[in-house]
Amino acid sequence: MSKRVAVVTGANKGIGLAIVKGLCKAGFNGDILLTARNEKLGQDAVAGLKSEGCKNVIFQQLDICDQGSSLKLKKFLEEKYGGLDVLINNAGMAFKHSATEPFGEQAEVTMRTNFWGTLWVCHALLPILRPNARVVNVSSFVSKKSLDQCSSELQAKFRNKDLSEEELCLLMGEFVQAAQAGDHTAQGWPNTAYGTTKIGVTVLSRIQARVLTETRPGDGILLNACCPGWVRTDMAGSNATKSPEEGAETPVYLAMLPEGVKEPHGQLVWDKTVQEW
Ligand code: NDP
């Protein structure tokens, strides 16, 4: 049987790095690929974890905004492992409150990483998931808050259990266009680029879980979105309430759900608890 393997995106620092460490400490029995877009930062992170006793951590380059990079990783996984057992889509970005870029530009750039980047990684890697695989898309509680700020028409679309991936992509594109035109709030969107991209990640997870249930029934694959909480990282700053290790707890819990467990699946999970969408 092939060796098991986990992939964590954006893992050179912050919550991603803590997730890799958490998987290792939780006894993930296989290789853990710590991926990062910057090779030096990724290699340094791996060296740090190895010195802490995490021997099964390996670096692989992955820029989630570069579709070629995801396809290269897919090829590597197929050749070396014959599939994928755990995928944690953690990489993400947010503009600081002090950012001076126009809102339309912030919307486009944030959407490219948080939504499109995550989608491209999934398009490359979900087809090689092995039975009983676990997928965790790191979203945010902000997705729920932002959903509540959408017009009732948009809320109904985002809560529609039959929404397709194509329809969701169109909606994310419409938000960016509206943001660039300066009339996103008039069109019923919340006034947050980051929050809207995370609505996209949570809804994408619900759709992906439904599709997996339809296309691979009986394979025992579980896919969820999660919120790590408010975590002290470069993104959230030093006032946040959780350490990166605490932030990694829910993603690691979802990634390590034992074989045979049927849920959660297609949920937004926060503090190991399913949230109402
Ligand atoms: P950090 O800014 O500390 O880390 C973000 C990571 O994502 C970095 O490793 C960064 O790499 C990587 N990244 C960004 N863009 C890309 C890309 N194109 N390709 C590959 N990697 C990329 O943030 P956090 O650790 O706080 O955030 C991790 C996740 O958790 C994000 O999805 C975030 O939205 C989510 N989250 C965080 C919360 C918090 O309170 N911190 C709350 C809720 C959700 P690089 O170093 O090269 O920039």
Would you give the length of the straight line joining atom [atom1] of [X] to atom [atom2] of [Y], rounded to the nearest 0.5 angstrom?
X: Gln67; Y: Trp116; atom1: CD; atom2: CH2; result: 10.0 Å
X: Thr197; Y: Leu204; atom1: OG1; atom2: CG; result: 11.5 Å
X: Arg232; Y: Thr241; atom1: CZ; atom2: OG1; result: 7.5 Å

Counting distance only, does the side-chain N/O of [X] pair as donor-acceptor with the main-chain N or O of [Y] below 3.5 Å?
X: Thr273; Y: Asp271; value: yes
X: Asp85; Y: Ala133; value: no
X: Gln275; Y: Val269; value: no
X: Ser69; Y: Asp63; value: yes
X: Lys198; Y: Val138; value: yes
X: Ser139; Y: Val201; value: no
X: Asp31; Y: Val5; value: no
X: Asn38; Y: Leu41; value: yes
X: Gln155; Y: Asp148; value: yes

Distance-only donor-acceptor hits, side chain of residues 218-229, under 3.5 Å, sequence neighbours excluded:
residue : atom : partner : partner atom : Å
Asp219  : OD2  : Arg216  : NE           : 2.7
Asp219  : OD2  : Arg216  : NH2          : 2.8
Asn224  : OD1  : His265  : N            : 3.2
Asn224  : OD1  : Gly266  : N            : 3.2
Asn224  : OD1  : Gln267  : N            : 3.0
Asn224  : ND2  : Pro264  : O            : 2.8

- Query: Between the side chains of Thr118 and Asn89, is a donor N or O closer than 3.5 angstrom to an acceptor N or O?
  - Reply: no

Identify each donor-acceptor pair in which a side-chain atom of residues 42-52 lies under 3.5 Å from a protein atom, sequence neighbours left out, and give them as a table.
residue : atom : partner : partner atom : Å
Gln43   : NE2  : Glu39   : OE2          : 3.4
Asp44   : OD1  : Lys40   : NZ           : 3.4
Asp44   : OD2  : Lys40   : NZ           : 2.6
Lys50   : NZ   : Lys55   : O            : 3.0
Lys50   : NZ   : Val57   : O            : 2.9
Ser51   : OG   : Gly48   : O            : 2.6
Glu52   : OE1  : Lys21   : NZ           : 3.0

- Check against salt bridge (charged side-chain N to carboxylate O under 4.0 Å, His left out), Arg112 and Asp66: CA-CA 10 Å; Arg112 195 189 315 146; Asp66 172 357; over 6 Å; no

- Item | Side-chain touch Ile32/Cys54, heavy atoms, less than 4.5 angstrom | no

- Please name the residue in the list Tyr253, Trp277, Phe141 that meets the ring pair (Phe, Tyr, Trp, His ring centres under 6.0 Å) test with Trp270. Phe141

For [X], I'd like to know if atom [atom1] has over 12 heavy atoms of other residues, nucleotides or ligands within 6.0 Å.
X: Lys25; atom1: NZ; result: yes
X: Glu259; atom1: CD; result: no
X: Lys262; atom1: NZ; result: no

For residues 167-182, please give each side-chain donor-acceptor pair under 3.5 Å, one per line with the distance, not counting sequence neighbours.
residue : atom : partner : partner atom : Å
Glu167  : OE1  : Ser164  : N            : 2.9
Glu167  : OE1  : Ser164  : OG           : 3.3

- Item | Result of checking Gln208, Arg210, His123 against Glu165 for side chain to side chain donor-acceptor pair (under 3.5 Å) | His123

- Message: If we check side-chain contact (heavy atoms from CB on, under 4.5 Å) with Val7, which of these qualifies: Leu87, Leu34, Val121, Ile88?
- Response: Leu87

